[in-house]
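To keep things clear, I will list the structure first and then write my remarks on it.
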Amino acid sequence: MKEIAIYLNFDGNCREAMTFYAKCFGGELELRSFAEMPGDHPPELKDRVMHARVTKGAALLMASDRTPGTQFNPGNNFAISIQCDSAQEIESLFAALGEGGKVTMPLADQFWGARFGMLADRFGIHWMLSFEHPK
Amino acid sequence: VTEVLPFLAFDGNCREAMTFYQKCFEAELLLLPFSEAPGDFANSEPKDRILHSTLRKGSEILMAADTWSGMPHQPGNNFTVMIQSDSLEETERLFTALGEGGKITMPLQDTFWDARFGMLTDRFGIQWSFNCVVPKPR
């Protein structure tokens, strides 16, 4: 197995969300809408995103929009867990992702030796950020 | 950022799910029930619920926990855990293992992006996708 990655699904705002994430991570965004794919697509599909990825070093996040006619059922049964490089990075990334969202657990030093916090971003996606203090 | 991992939330069956995934991935499972947690955590939730769990295969590949009291558990279909592999054999094995008792939403097939790809929803309602690109011989 090369990698386990997270693939998010949005209901028409994939472009907005992935543009936001690319900015938060300072990463590179690649994005293809259905209109850019071969074949005929109904008008309601054209602006939707068929596949998008944000990459920043080892970090990878992928996403698409659902296709019309399929059910969209956003859940809270998952989060994206991020290991940060530095104390500075966890502060800035937590602040960036949380903009317009809701902090569910403020960043704090935890009993297991890490700085840790949780938030739900403006798109309803849950994030857990962690930085292990050097021993 | 050094690592991005999926963290799954269950409603009391985290142990069962992670034990199932452990078998599927042939990985090492670490489970921390509330009963074994330090300090205030230990008495904050029913003891058999899981505060934190990790699957390791070389490095960490998946994390999960049970939800806490007062946190509604709402399973969604707005995310997929994607397994990238360069081995057809491994992809087929994992697809079969994770699909046991679940539902195949797209059988493994060849795609226009030159991958073998398939999707399923497992018995715990988690969606998985499988993307296998076999390196071309030079």
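Chain naming here is simple, since letters A, B, ... match the order of the sequence lines and numbering starts at 1 in each.
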Where on [X] is there a heavy atom nearer than 4.5 Å to chain B: the side chain, the backbone, both, or neither?
X       : value
F111(A) : side chain
M128(A) : side chain
I90(A)  : neither
F10(A)  : neither
L93(A)  : side chain
E89(A)  : side chain

Using modelled atom types and a 3.5 Å cut-off, is there a donor and acceptor pairing between side-chain atoms of Q84(B) and backbone atoms of A5(A)?
no

Contacting region of S87(B) [heavy-atom separation from chain A under 4.5 Å]:
neither

Among residues 51-81 of chain B, which ones touch chain A with a heavy-atom distance under 4.5 Å?
I61(B), M63(B), P72(B), H73(B), Q74(B), P75(B), G76(B), N77(B), N78(B), F79(B), T80(B), V81(B)

What residues of residues 6-16 of chain B sit under 4.5 Å from chain A when you count only heavy atoms?
P6(B), F7(B), L8(B), A9(B)

K2(A) side, atom NZ; N131(B) side, atom CG - distance, nearest 0.5 Å
8.5 Å

Counting only heavy atoms from other residues, nucleotides and ligands, does the tally under 6.0 Å from [atom1] of [X] exceed 12?
X       : atom1 : value
E89(B)  : CD    : no
K103(B) : NZ    : no
D47(A)  : CG    : no
R93(B)  : CZ    : yes

Should [X] and [Y] be counted in the same cluster of Ile, Leu, Val, Met, Phe, Trp and Tyr side chains packed under 4.5 Å apart?
X       : Y       : value
L32(B)  : F34(B)  : yes
L29(A)  : L97(A)  : yes
F95(B)  : L88(B)  : no
V103(A) : I125(A) : yes
F78(A)  : L60(A)  : no

For a 4.5 angstrom cut-off between non-hydrogen side-chain atoms, does M1(A) reach L94(B)?
yes

Taking C-beta and beyond as the side chain, do F112(B) and M37(A) meet within less than 4.5 Å on heavy atoms?
yes

Heavy-atom pairs under 4.5 Å with chain B: which of Q83(A), M62(A), R66(A) has the most?
Q83(A)

Look at P74(A), P38(A), A58(A) and state which one has the largest set of heavy-atom pairs under 4.5 Å with chain B.
P74(A)

Looking only at heavy atoms, which two atoms of V1(B) and D85(A) are closest? And how far apart?
N-OD2, 3.1 Å

For L5(B) and I80(A): C-alpha separation, side-chain torsions, deciding distance, then whether side-chain contact (heavy atoms from CB on, under 4.5 Å) applies.
CA-CA 6 Å; L5(B) 280 181; I80(A) 303 173; over 6 Å; no

